Participant: 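Submitted below is the structure of interest, expressed as structure tokens.
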Amino acid sequence: MDASRDTIPSNVPGKVLDWYDAHARTLPWRAAPGTPAPDPYRVWLSEVMLQQTTVTAVKDYFAKFTSRWPGVCDLAAASDEDVMAAWAGLGYYARARNLLACAREVAARGGIFPDTEEGLRALPGLGAYTAAAVAAIAFGRRAVVVDANVERVVTRLFALDAPLPGSRPAIRALTDTITPDRRAGDFAQALMDMGATVCTARAPRCLLCPIAADCRARAMGAPERFPVKAPKKAKPTRKGHAFWIERDDKVWLVRRAGKGMLGGMRALPDDGWSAREDGHGEAPIPGHWESAGRVGHVFTHFSLELGLSVHLGACPDDPPGEGEWWPLDRLDDAGLPTLFAKAARLALAEPA
DNA sequence: GAGCCGTGGAT
DNA sequence: TATCCAAGGCT
């Protein structure tokens, strides 16, 4: 048997791992190639934060969380309010709710994460991707890790032209064929680094790619054509109002319902706008209202034009419903999601 | 399967 | 400026 036959012409996993050993990015939650795996808590926390979120955006939040809650039991003991406020601005707030639920489940197990993909997959907030990533990166398991970077690298490598999202099972099967038995965690991180820095969505840097010679999309001369995606729907525009009620250097804040848009987050009272309908425009209390202008914000599946109305001074009774008077000099600690942080800046006449 | 769920950076 | 896009999960 000619042993070299297996390494010629491809040996894709070997080339990818060699590239990783030389070019891996240094990241706060990552062990250097060849060094012991980092704390599963840190791997899990980073993976949840990184869901649909860029490395740049995550770094400060990761530092803040690990400094304030060094271990999973510390996080599990935190209040919902503190965790949601700490997550404010990072987006996809269901992740924060699931993060805390997961931490409490793990704490109830003695602070030990399950060390198998299947066990991890059963925890809140861990889907197919995150369970595979944590199993591979933190526990050295062989797992097939597929995120958007891997989808791009693999569809190009094999010139798979079936459109996403229907092609996901095929992409997973192809990724399985190139995933090594050893160092599956490094391999996954290597493909993600390659996707982020070399095999980019637009203008890929094929000259820097360790598997360019194996890439069928490059051979076709059109790597940027992959992955093929189904056309997306147009975003509707919604209109609504938010209300700034100020008294004695405090502002009236409410907490949004636990599920749905910005669920569980502090907010300004609004007029009932939602992802599906415009607001009715009526203020929560009678009185003199003045317009502070409007802010725009683009969410995943709609755009919002939010008019902001301000009510100052006399307000003998609390507005109806649950809420709290929040000191203006501590507004930064309220944990307002970005839309309402913009509105607050407008109300306080601070330039955005 | 398809809709819902944030945000900011890159082009 | 408009569009695309990102280390997805849940229902």
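Below, chains carry the letters A, B, ... as their sequence lines are ordered, and counting in each starts from 1. All values derive from a computational prediction rather than experimental measurement. The basis for the numbers below is simple: all heavy atoms, side chains too, and nothing from hydrogens, waters or symmetry mates.
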Participant: Choose from C:dA7, C:dC4, C:dG9 the nucleotide whose nearest atom is closest to any side-chain atom of A:K232.
Facilitator: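 Among the listed nucleotides, the one closest to the side chain of A:K232 is C:dC4.
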Participant: Quick one: which of B:dG6, C:dC10, B:dT7 gets closest to the side chain of A:T53?
Facilitator: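 The answer is B:dG6.
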Participant: Reckon A:L191 touches a base, only the sugar-phosphate, or nothing at all at heavy-atom distances under 4.0 Å?
Facilitator: nothing
Participant: Counting side-chain heavy atoms from CB outward, which of C:dA7, C:dC5, B:dC5 is closest to A:A201?
Facilitator: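 Shortest atom-to-atom distance from the side chain points to C:dC5.
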Participant: If only side-chain N and O atoms of A:H301 are considered, is one of them under 4.0 Å from the OP1 or OP2 phosphate oxygen of B:dC5?
Facilitator: yes
Participant: Judged by each residue's nearest nucleotide on DNA chain B, which is more toward the 5′ side, A:A57 or A:G166?
Facilitator: A:G166
Participant: Hey, does A:G263 reach any base, or is it just sugar-phosphate, or nothing, if we go heavy atoms under 4.0 Å?
Facilitator: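 Answer is nothing: A:G263 stays at 4.0 Å or more from every strand.
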Participant: Measure CZ/A:R97 against C1'/B:dG6 and give the value in whole Å, please.
Facilitator: 12 Å
Participant: Which whole-number value in Å describes the distance from A:Q52 CD to C:dG9 C1'?
Facilitator: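 Checked: the CD to C1' distance equals 9 Å.
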Participant: Tell me whether the OP1 or OP2 atom of B:dT7 has a side-chain N or O from A:Y93 closer than 4.0 Å.
Facilitator: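 Looking at the OP1 and OP2 atoms of B:dT7, one of them is under 4.0 Å from a side-chain N or O of A:Y93.
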Participant: Within the structure shown, what part of the strands sits under 4.0 Å from A:M261 by heavy-atom distance: base, sugar-phosphate, or nothing?
Facilitator: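 Result for A:M261 = sugar-phosphate.
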Participant: Need one value for A:A188: base, sugar-phosphate or nothing, where a base atom within 4.0 Å counts as base even if backbone is also close, heavy atoms only.
Facilitator: nothing
Participant: Quick check: on DNA chain C, is the nucleotide nearest A:R202 upstream (toward 5') of the one nearest A:K259, or the reverse? Name the residue that is more 5'.
Facilitator: A:R202
Participant: Looking at every strand, decide which applies to A:A275 at a 4.0 Å heavy-atom threshold: base, sugar-phosphate, or nothing.
Facilitator: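 The answer is sugar-phosphate, as A:A275 gets under 4.0 Å only of primed atoms, P, OP1 or OP2.
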Participant: At less than 3.5 Å, do the side-chain atoms of A:T300 and the base atoms of B:dG6 form a donor-acceptor pair?
Facilitator: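 A donor-acceptor contact between them is present.
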Participant: Within the structure, does a side-chain N or O atom of A:T130 lie under 4.0 Å from either OP1 or OP2 of C:dG9?
Facilitator: yes
Participant: What's the closest nucleotide to the side chain of A:F299 if the choices are C:dA6, C:dG9, B:dT7?
Facilitator: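 Side chain of A:F299 sits closest to B:dT7.
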Participant: Round to the nearest Å and state the distance from A:M265 atom CE to B:dT7 atom P.
Facilitator: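 For the pair A:M265 CE and B:dT7 P, the rounded distance is 8 Å.
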Participant: Round to the nearest Å and state the distance from A:R168 atom CZ to B:dG1 atom P.
Facilitator: 10 Å
Participant: Taking for each residue the nucleotide of DNA chain B bearing the nearest heavy atom, is the 5' side occupied by A:T338 or by A:P169?
Facilitator: A:P169
Participant: Would you call A:D80 and A:R255 a salt bridge, taking side-chain N to carboxylate O under 4.0 Å as the test?
Facilitator: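 Looking at A:R255 together with A:D80, the answer is no, because their closest N to O distance does not fall below 4.0 Å.
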Participant: Give the rounded distance in Å between these two atoms: OH of A:Y92 and C1' of B:dG8.
Facilitator: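 The answer, rounded to whole Å, is 12 Å.
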Participant: A:G125 or A:E47: which one's nearest nucleotide on DNA chain C is closer to the 5' end?
Facilitator: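 Nearest nucleotide further toward 5': that of A:E47.
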Participant: Using a 4.0 Å heavy-atom cut-off, does A:P165 contact any base of the nucleic acid, only the sugar-phosphate backbone, or nothing at all?
Facilitator: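 Nothing: the residue A:P165, judged by heavy atoms under 4.0 Å, touches no strand.
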Participant: Report which part of the nucleic acid A:G195 touches: base, sugar-phosphate, or nothing (heavy-atom distance under 4.0 Å, all strands).
Facilitator: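 Counting heavy atoms under 4.0 Å across all strands, no contact is made by A:G195.
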Participant: Could you give the CD-to-P distance, from A:E277 to B:dC4, as a whole number of Å?
Facilitator: 13 Å
Participant: Between A:R95 and A:Q51 (side chain of the first, backbone of the second, donor and acceptor by atom type, cut-off under 3.5 Å), is there such a pair?
Facilitator: yes
Participant: Hey, does the side chain of A:K342 come within less than 4.0 Å of B:dG6's phosphate (OP1/OP2), counting only N and O?
Facilitator: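 Result: no.
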Participant: Taking atom P in both C:dA7 and B:dT11, what distance in whole Å separates the two?
Facilitator: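 Pairwise P distance, C:dA7 against B:dT11, rounds to 14 Å.
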Participant: When you get a sec, tell me which of C:dG9, C:dA6, B:dG6 is the closest nucleotide to the side chain of A:K229?
Facilitator: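 Taking heavy atoms from C-beta onward, the closest nucleotide is C:dA6.
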Participant: Within the side chain of A:R238, is there an N or O that forms a donor-acceptor pair under 3.5 Å with the backbone of A:L304?
Facilitator: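 No, A:R238 side chain to A:L304 backbone: no donor-acceptor pair under 3.5 Å.
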Participant: Less than 4.0 angstrom between a side-chain N/O of A:H297 and OP1 or OP2 of B:dG6, yes or no?
Facilitator: no
Participant: Across the strands shown, which category fits A:W87 at heavy-atom distances under 4.0 angstrom: base, sugar-phosphate, nothing?
Facilitator: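 Nothing: the residue A:W87, judged by heavy atoms under 4.0 Å, touches no strand.
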Participant: For A:R42 and A:P28, indicate whether the former's side chain and the latter's backbone hold a donor-acceptor pair under 3.5 Å.
Facilitator: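 Checked: pair present.
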Participant: Counting any heavy atom closer than 4.0 Å, what does A:V48 reach on the DNA or RNA strands: base, sugar-phosphate only, or nothing?
Facilitator: nothing
Participant: In plain terms, say whether A:R68 and A:D74 are close enough for a salt bridge, that is, a side-chain N and a carboxylate O under 4.0 Å apart.
Facilitator: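 Salt bridge: no.
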Participant: Is there a side-chain polar atom (N or O) of A:K233 under 4.0 Å from OP1 or OP2 of B:dG3?
Facilitator: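 So the side chain of A:K233 is within the cut-off, an N or O lying under 4.0 Å from OP1 or OP2 of B:dG3.
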Participant: Taking the minimum atom-to-atom distance to the side chain of A:R276, which one of B:dC4, C:dA7, C:dC5 wins?
Facilitator: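 Nucleotide nearest to A:R276's side chain: B:dC4.
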Participant: B:dG8 base to A:T56 side chain: any donor-acceptor pair below 3.5 Å?
Facilitator: no
Participant: Using a 4.0 Å heavy-atom cut-off, does A:L262 contact any base of the nucleic acid, only the sugar-phosphate backbone, or nothing at all?
Facilitator: sugar-phosphate
Participant: Do A:H301 and A:F299 make the cut of ring centroids closer than 6.0 angstrom?
Facilitator: no
Participant: Hey, is the main chain of A:L126 close enough, under 3.5 Å, to the side chain of A:R121 for a donor-acceptor pair?
Facilitator: yes
Participant: Can you check the A:Y61 OH to B:dG6 P distance for me, whole Å?
Facilitator: 13 Å
Participant: Given atom CZ of A:R152 and atom P of C:dG8, what is their separation to the nearest angstrom?
Facilitator: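 So the CZ-P distance, A:R152 to C:dG8, works out to 10 Å.
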Participant: Does a side-chain N or O of A:R95 approach OP1 or OP2 of B:dG6 to a distance below 4.0 Å, or not?
Facilitator: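 Checking A:R95 against B:dG6: no side-chain N or O falls below 4.0 Å of OP1 or OP2.
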Participant: For the pair A:R266 (side chain) and A:A85 (backbone), establish whether a donor and an acceptor sit closer than 3.5 Å, ignoring hydrogens and angles.
Facilitator: no
